[in-house]
Participant: 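Dropping the structure in here first, questions after.
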Amino acid sequence: MSSLRNSGLRIRGLQVEYTSGQPALGQVSLTLPEHGIYTIIGPSGSGKSTLLRAVAGLLPSYEGELLFNGKSVHDKETLIGLVPQNYGLLPWKTVRDNIRVAMRITSPDRESKRVMEAEISHWLKSMGIAELAGRYPLSLSGGQQQRVAIARAFAIRPTILLLDEPFSALDAITREALQQIFLDNWLAHPATTLFVTHDVEEAILLGQKVIVMPSAKQDTPEILDNTPVFAMKHEEKRDSNEFFEQSKRIRKVMLAKW
Amino acid sequence: MVKKRGLPHLLRLLFVFLCMNIIWYMAYLLMNHPILPSPGAVYEAMFHLGARDVALNVGYSLLRIFEGVLLALLIGLLIGLLMGRSQLWNRLLDPVVYLTYPIPKIALLPVVMLFFGLGEISKVLMIMLILLFQVIISVRDGVKAIPESTYDVLTSIGASTGQKFWNVTLPGALSVILSTIRISLGTAISVLFFTEIYGTEHGMGFFIMDAWLRLDYPEMYAGIMLFSLVGFVLFLLVDVLDYKFMKWRR
């Protein structure tokens with residue numbers, strides 16, 4: 001019982017302040033079961049990215065507790081895959097090297113080089129970018145760079161996956177294709193995922209639960225269940241009644257929290 | 001860069017070289033004075049230089065440049081990286097660099113000679129001293145110019161400081177480091193000439209000054225041509241390094 005209670009991502013009383021002393025993130029407490037996609041939506045400045053950065057261990061200081069399966073998220077056992085808005089690729093490394101570096105850092109004791117190379121090839125293939133392995137990021141389009149960033153995040157087999165508006169800079173067609181590829185890969189490797197987006201439609205299409213962040217720092221985030229839409233086939237979601245109903249519901253909550 | 005430029009670049013270089021020789025020849029005809037021999041006389045003098053003699057002088061000069069540049073790079077990289085990545089070190093060392101950078105280092109030549117004698121050490125140290133500050137400042141600025149977000153993914157997966165250095169800081173600053181080496185080489189060659197005037201019987205500086213004192217102008221110019229060739233080859237070497245390590249920018 002106790003292990004079940006501890007399972008998943010628990011955020012308790014998380015508070016972040018800017019150096020000026022102004023709150024960047026009000027007190028946030030969330031309990032998110034393991035192996036789920038949680039989309040986070042909210043107005044600009046509501047602290048969506050700050051929440052992600054805190055979990056990623058990129059903030060020098062914060063108040064509160066961040067636990068995964070009862071241990072600190074920054075414990076060595078917890079592997080965090082991050083896909084930042086700007087893709088976060090190292091421009092001086094080829095596509096393959098970008099993935100290889102992350103894999104070497106996260107599992108230095110990996111059995112053999114051959115196995116690692118095979119894994120990299122697998123991820124490149126599953127993201128549809130096998131032919132780009134030897135290319136450098138600056139020679140790729142935004143959509144291609146984003147695929148590499150997602151492949152890298154999945155390749156380290158993360159326990160927590162963090163995505164910060166990964167598709168926001170892409171055109172609608174590329175975005176839809178990448179949402180589908182992301183979901184296919186996630187279903188094969190369901191890490192506990194926090195997915196920040198500013199797009200209500202994307203939040204409903206990808207999330208099992210949708211977390212609506214408030215604009216007022218003293219207010220608490222609201223978690224909306226999205227299982228009926230999440231359970232549908234991806235290509236059917238957009239035209240379903242559930243999708244429209246959920247969309248109306250989330251917009252209403254967002255307006256109330258604005 | 002070297003390969004991409006290819007033949008047209010080489011042809012342009014040859015064309016410029018030919019034009020310079022034509023201008024030189026015209027100046028020779030106009031002046032008609034022994035202090036400016038014809039290109040033909042200089043190339044003939046070059047041809048008659050003993051291979052062993054050339055190798056020895058060029059070799060000594062190259063070794064001094066190599067040692068001076070290497071020392072400046074090692075120390076400069078270390079200090080520059082430290083200042084670029086740590087605010088504390090930057091605050092501590094910035095005033096030192098700021099105060100010492102404007103000192104004309106060549107004026108320190110007598111001091112270096114007094115402390116380290118007339119031998120090899122003072123020559124290498126002079127080259128190192130002149131280059132060191134350029135290296136520190138460019139490496140520091142190069143490291144600072146790497147966006148902090150470049151480190152984010154590695155930080156989130158728990159990369160060590162060493163892993164971040166090898167995968168982000170060093171390759172990120174490499175472009176600036178190569179530019180600095182390119183600029184530094186020109187300066188190093190100039191400084192080398194001064195340092196080879198004294199306390200040595202080897203090196204291109206000595207060779208040129210020796211020919212000058214013997215009033216052997218064709219040989220003096222031949223020395224200058226050889227010295228320039230050494231500089232040119234070193235520049236090409238940096239181009240090759242740039243081609244090898246900066247592929248990602250193309």
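Numbers restart at 1 for each chain; the letters A, B, ... are given by sequence-line order, proteins then strands. Note that the structure is a prediction, hence the values are computed from the model and not measured.
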Participant: Tell me, side chain or backbone of A/Leu138 under 4.5 Å from chain B's heavy atoms, or both, or neither?
Facilitator: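 Contact with chain B is through the side chain of A/Leu138 alone.
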
Participant: Would you say B/Phe235 has more than 12 foreign heavy atoms packed within less than 6.0 Å of its CZ?
Facilitator: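 Check passes, neighbour count above 12.
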
Participant: Under a 4.5 Å heavy-atom cut-off, does chain A meet the side chain of B/Ser149, its backbone, both or neither?
Facilitator: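 Only the side chain of B/Ser149 comes within 4.5 Å of chain A.
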
Participant: Are there over 12 heavy-atom neighbours, none belonging to B/Ile121, within less than 6.0 Å of that residue's CD1?
Facilitator: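 No, the 6.0 Å shell around CD1 holds no more than 12 heavy atoms from other groups.
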
Participant: Check whether A/Pro91 gets within reach of chain B through its side chain, its backbone, both or neither, counting any heavy atom under 4.5 Å.
Facilitator: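 Interface part for A/Pro91: both.
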
Participant: Provide the closest heavy-atom pair for A/Gly88 versus B/Val153 in the form atom of the first, atom of the second, distance.
Facilitator: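 In terms of heavy atoms, the two residues are closest at O-CG2, 3.9 Å.
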
Participant: Counting only heavy atoms not in B/Tyr60, do more than 12 fall under 6.0 Å of its OH?
Facilitator: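 No, OH of B/Tyr60 has 12 or fewer neighbouring heavy atoms, counting only those of other groups under 6.0 Å.
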
Participant: Between A/Trp92 (side chain only) and B/Asn167 (backbone N and O only), is there a donor and an acceptor less than 3.5 Å apart?
Facilitator: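 Yes, A/Trp92 side chain to B/Asn167 backbone: donor-acceptor pair under 3.5 Å.
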
Participant: Can you give me the closest heavy-atom contact between B/Ile157 and A/Ile156, atom names plus distance?
Facilitator: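 Nearest heavy atoms, B/Ile157 then A/Ile156: CG2-CD1, 3.5 Å.
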
Participant: Is it the backbone or the side chain of B/Leu154 that comes under 4.5 Å from a heavy atom of chain A, or both, or neither?
Facilitator: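 The answer is the side chain of B/Leu154.
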
Participant: Does any non-hydrogen side-chain atom of A/Arg53 lie less than 4.5 Å from one of B/Asp152?
Facilitator: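 Of all side-chain heavy-atom pairs linking A/Arg53 with B/Asp152, at least one is under 4.5 Å.
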
Participant: Quick check for you: to the nearest 0.5 Å, what is the distance between B/Thr155 atom OG1 and A/Ile80 atom CD1?
Facilitator: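 Reported value, rounded in 0.5 Å steps: 11.0 Å.
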
Participant: With chain B as the partner, which of A/Arg135, A/His74, A/Lys76, A/Lys93 has the greatest number of non-hydrogen pairs under 4.5 Å?
Facilitator: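 So the answer, after comparing A/Arg135, A/His74, A/Lys76, A/Lys93, is A/Lys93.
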
Participant: Verify the neighbour count for atom CH2 of B/Trp89: are there more than 12 heavy atoms of other residues, nucleotides or ligands below 6.0 Å?
Facilitator: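 It does not: B/Trp89 CH2 has 12 such atoms or fewer within range.
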
Participant: If I measure from the heavy atoms of chain B, does A/Leu90 come under 4.5 Å with its side chain, its backbone, both, or neither?
Facilitator: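 Side chain only.
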
Participant: For atom CD of B/Gln87, is the number of surrounding heavy atoms from other residues, nucleotides or ligands below 6.0 Å larger than 12?
Facilitator: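 No - once you tally the heavy atoms of other residues, nucleotides and ligands closer than 6.0 Å, there are 12 at most.
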
Participant: Considering all heavy atoms of both residues, which atom of A/Leu58 and which atom of B/Ser156 are nearest to each other, and what is their separation?
Facilitator: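 Heavy-atom minimum between the residues: CD2-N, 4.2 Å.
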
Participant: Just wondering, more than 12 heavy atoms not from A/Glu117 lying within 6.0 Å of its CD?
Facilitator: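 Counting other residues, nucleotides and ligands, CD of A/Glu117 exceeds 12 neighbours.
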
